[in-house]
Amino acid sequence: MAEKLKVKDIINTKLADDNNKGDCIYNEIVELSKKTDEITVDFEGIQLVNTAFLNNAIGRLFNSKEFDLTKSHITITHLGSDMMPLLKESIKVAKLKYMK
């Protein structure tokens, strides 16, 4: 069964703008992955996202011993089109850094 993680509810703000908030999301993803292989990360209501947040929330998953990328499927929803390039760049850098 898929689990939904609402970013705004976890960080309690509309601004996903620092690495500590990213850590909170990362930790929630890791915990949810123990219960399900399908996780939806919902950015509804988030007005600002930066790379520090994304690197810690999503990028770290590529180097995590606690999270298995081969078993889990993460879907990102409600991330604004203006923020999507930041997510793509964060994933690209994480793959280059961690998946050698």
Side-chain angles (χ1 to χ4, degrees):
M1 184 173 141
E3 291 280 339
K4 183 181 270 191
L5 188 153
K6 294 185 78 76
V7 173
K8 187 176 175 191
D9 291 349
I10 294 165
I11 63 172
N12 297 314
T13 180
K14 297 176 184 179
L15 308 175
D17 61 351
D18 69 47
N19 56 342
N20 293 325
K21 293 173 188 170
D23 288 342
C24 292
I25 300 304
Y26 168 83
N27 291 331
E28 289 289 328
I29 291 171
V30 168
E31 284 304 308
L32 284 177
S33 73
K34 294 174 184 175
K35 295 190 269 184
T36 184
D37 292 339
E38 293 195 30
I39 301 167
T40 298
V41 180
D42 187 351
F43 282 85
E44 185 174 18
I46 298 295
Q47 294 178 347
L48 175 82
V49 173
N50 70 13
T51 53
F53 173 86
L54 291 171
N55 290 341
N56 280 29
I58 306 297
R60 277 179 54 198
L61 295 171
F62 290 86
N63 189 40
S64 178
K65 292 173 178 56
E66 302 169 317
F67 183 81
D68 189 345
L69 284 169
T70 61
K71 292 182 181 177
S72 298
H73 177 76
I74 295 178
T75 302
I76 305 292
T77 60
H78 298 108
L79 184 65
S81 60
D82 57 329
M83 297 178 238
M84 193 58 77
L86 292 176
L87 175 62
K88 289 179 180 178
E89 184 65 19
S90 181
I91 291 170
K92 177 182 167 187
V93 169
K95 285 180 177 179
L96 289 171
K97 184 176 181 180
Y98 300 126
M99 301 181 84
K100 296 177 182 178

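In this view, T51 satisfies the side-chain hydrogen bond (donor to acceptor under 3.5 Å, both in side chains) rule with no residue, not counting sequence neighbours.
To the nearest 0.5 Å, atom CG of residue L32 and atom CD of residue E38 are 12.5 Å apart. The line from CZ of F62 to CG of L96 is 10.5 Å long, rounded to the nearest 0.5 Å. Note that CG of L61 and CG of D68 are 11.0 Å apart. Values are rounded to the nearest 0.5 Å. Note: E28 CD to I39 CD1 = 10.0 Å, rounded to the nearest 0.5 Å. Rounded to the nearest 0.5 Å, atoms OG1 (T75) and CG (L5) are 12.0 Å apart. Separation of atoms CG (L15) and NZ (K21) is listed at 5.5 Å; rounding is to 0.5 Å.
Among all heavy-atom pairs drawn from I29 and A57, the shortest one is CD1-O, 3.9 Å. Heavy-atom minimum distance, Y98 versus G59: CE1-O, 3.7 Å. Minimum interatomic distance between M83 and I46 (heavy atoms only, all atoms of both residues): CE-O, 3.7 Å. In plain terms, the two heavy atoms of I10 and C24 that are nearest each other are CG2-CB, 4.1 Å.
Hydrophobic clustering of Ile, Leu, Val, Met, Phe, Trp and Tyr side chains at less than 4.5 Å, counting indirect connections, unites I11 with V30. In the hydrophobic clustering of ILVMFWY residues, with side-chain heavy atoms under 4.5 Å counting as a link, F43 and M84 come out together. The cluster map of Ile, Leu, Val, Met, Phe, Trp and Tyr, joined by side-chain heavy atoms under 4.5 Å apart, puts F67 and V93 in different clusters.
Residues N55 and N19 have side chains not in contact (no heavy-atom distance under 4.5 Å, counting atoms from C-beta outward). When side chains are defined from C-beta on, V7 does not count as touching V49, because their heavy atoms never get closer than 4.5 Å.
Among the candidates K88, E89, K95, the single residue satisfying the side chain to side chain contact (heavy atoms under 4.5 Å, CB included) test with I91 is K95.
Side-chain atoms of N56 and D23 include a donor-acceptor pair closer than 3.5 Å.
Between K8 and E44, none of the side-chain N atoms (NZ, or NE/NH1/NH2) sits under 4.0 Å from a carboxylate O, so this pair counts as no salt bridge. The residues D37 and K71 are annotated as not salt-bridged, no charged nitrogen and carboxylate oxygen being separated by less than 4.0 angstrom.
A distance-only check finds a donor-acceptor pair linking the side chain of N50 to the backbone of F53 [under 3.5 Å]. Side-chain N or O atoms of K97 include none that pairs as donor or acceptor with a backbone N or O of N63 at under 3.5 Å. In terms of modelled atom types and a separation under 3.5 Å, the side chain of S90 and the main chain of L87 share no donor-acceptor contact.
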